[in-house]
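The structure appears below as structure tokens.
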2 protein chains.
Amino acid sequence: MAGEKIDRRVKYTKMVLEESFITLMEKKDISKITIKEICEKADINRSTFYAHYSDQYDLLRKIENKFLADIQAYLENFDKKYTEDILLITEKIFQYIRKNARICRLLLSERGDFTFQKKIMKLVYDLIISEITGDNKITKEDAEYVYSFTVSGCVGFVQKWLDDGMKKSPRYMAEIIVNLILGLINLLKNGAPEGQYAAKI
Amino acid sequence: MAGEKIDRRVKYTKMVLEESFITLMEKKDISKITIKEICEKADINRSTFYAHYSDQYDLLRKIENKFLADIQAYLENFDKKYTEDILLITEKIFQYIRKNARICRLLLSERGDFTFQKKIMKLVYDLIISEITGDNKITKEDAEYVYSFTVSGCVGFVQKWLDDGMKKSPRYMAEIIVNLILGLINLLKNGAPEGQYAAKI
DNA sequence: CGGTTTGTCAACACCGTGTTTGATAAATAA
DNA sequence: TTATTTATCAAACACGGTGTTGACAAACCG
């Protein structure tokens, strides 16, 4: 798993293919992108493409995995220093997204793959949440449904930010989302706050 | 817009093409499905396919639009009778999903298009929520972000249910999600319940 | 440096695409 | 029923993207 030396030619090939593909993805849907097109733009022979990827979707999956690994590394580096401050960690994540806006617009926006996006959010959410609940795992029956709700909600939340051109500050976004997440955890622990819903049954 | 009489032959053609396509979609990804394949399974000439759809994606979009119209009709029929009971409306929606499990697994599960799924949830959510807030629109600045969060959360919530084989009852699901939605609205109105988050800033 | 490995490339046969033709049959209107 | 319209089909078409082949050249290692 440790950095096995990669042939310089391979490095170059993968780099230009990824770059070409990303540029194309910004213009049109993946289903309309041909391998021929990717290769011409990158000035790489088509058979070389097939030596590394099976098709466009495979290439995208590999870009996604790389992104996932980058995020993971970023989080690991980070949480040793500021592990106690949830809000700060969350803010840093929004900063990370803004810094890497190009790839994030591709992978995290509406056009991206939702399953992958949920995977990212789970990664982040699990880290953040472990700081709050510690080992006191919430064992309520409905906890896993609330978890699914929250993770998907975070995806939509980030998408909204991206689609709005990231005008609001990372700090602002972090405050809202942390507030929401804490509120939901609280709801799960204590039930509906004022019996609003119970009264409606 | 009212039901212009459609040639019976057209009806049949579209029906078998859709059926063939859906069956294929259950087995593999849309990008791997060829038009030739769809037509052979449906025993329809390829040129006839092109008379109705431009490609697989166009066919899928039309199936989605039909589903959307069906849901809309279902809701309109329904909300005249029970318009006051949010929980009952929500339960009915989960019942609808379970009754139409085949198409819902295709369109609403992880493999489906997230943008479309959000459109569906907005439709449902807006109906339900108008019962609660009435014309008292929440005008807070962060309301639209909470809205995005909630709508996406509902998508994930339904997906989780579908992926688990819909074991839990529609009633059970409705209770949880209504509870969550009301909790979030409350949070938006009154801020964090116990100042948990404020203390952390 | 020289031998070996490995990545890249041009050329190949193949297959799905999208469109057009005219013939046929089914549906609709009178 | 008869006349007219309209949808489907088979066949054939050029086109373009696909995935695989063996030859060459660049990178790697001792």
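Both backbone and side-chain heavy atoms feed into the values below; hydrogens, waters and symmetry mates do not.
- Checked against the 6.0 Å centroid criterion, the rings of A:Y125 and A:Y147 qualify as a close aromatic pair.
- For B:N45 and D:dT8, the shortest distance from a side-chain N or O to OP1 or OP2 is not below 4.0 Å.
- A salt bridge links A:E26 and A:R102; the closest N-O separation between the charged side-chain nitrogens and carboxylate oxygens is under 4.0 Å.
- For the OP1/OP2 pair of D:dT8 and a distance below 4.0 Å, the side-chain nitrogens and oxygens of B:R46 include no atom meeting the criterion.
- DNA chain D is contacted by A:T34, A:I35, A:K36 of residues 15-37 of chain A, taking any non-hydrogen atom closer than 4.0 Å.
- B:K160 is linked by a side chain to side chain contact (heavy atoms under 4.5 Å, CB included) to A:E144, A:Y145, A:S148, B:D164, counting only residues two or more places apart in sequence or in another chain.
- The shortest distance between side-chain heavy atoms of B:V155 and A:S152 does not fall below 4.5 Å.
- At a threshold of 4.0 Å, the pair B:D58-B:R61 counts as salt-bridged, since one of the basic side-chain nitrogens sits closer than that to a carboxylate oxygen.
- The existence of a salt bridge linking B:K66 and B:E18 is confirmed by a sub-4.0 Å separation between a basic side-chain nitrogen and an acidic carboxylate oxygen.
- Between the side chain of B:R9 and the base of C:dA26, at least one donor-acceptor pair of N or O atoms lies under 3.5 Å.
- Whole-Å rounding puts the B:D7 CG to D:dA7 C1' distance at 6 Å.
- Within residues 47-56 of chain B, the residues approaching DNA chain D are B:S47, B:T48, B:H52, by heavy-atom distance under 4.0 Å.
- Considering every non-hydrogen atom in both A:E91 and A:R171, the closest pair reads OE1-NH1, 3.1 Å.
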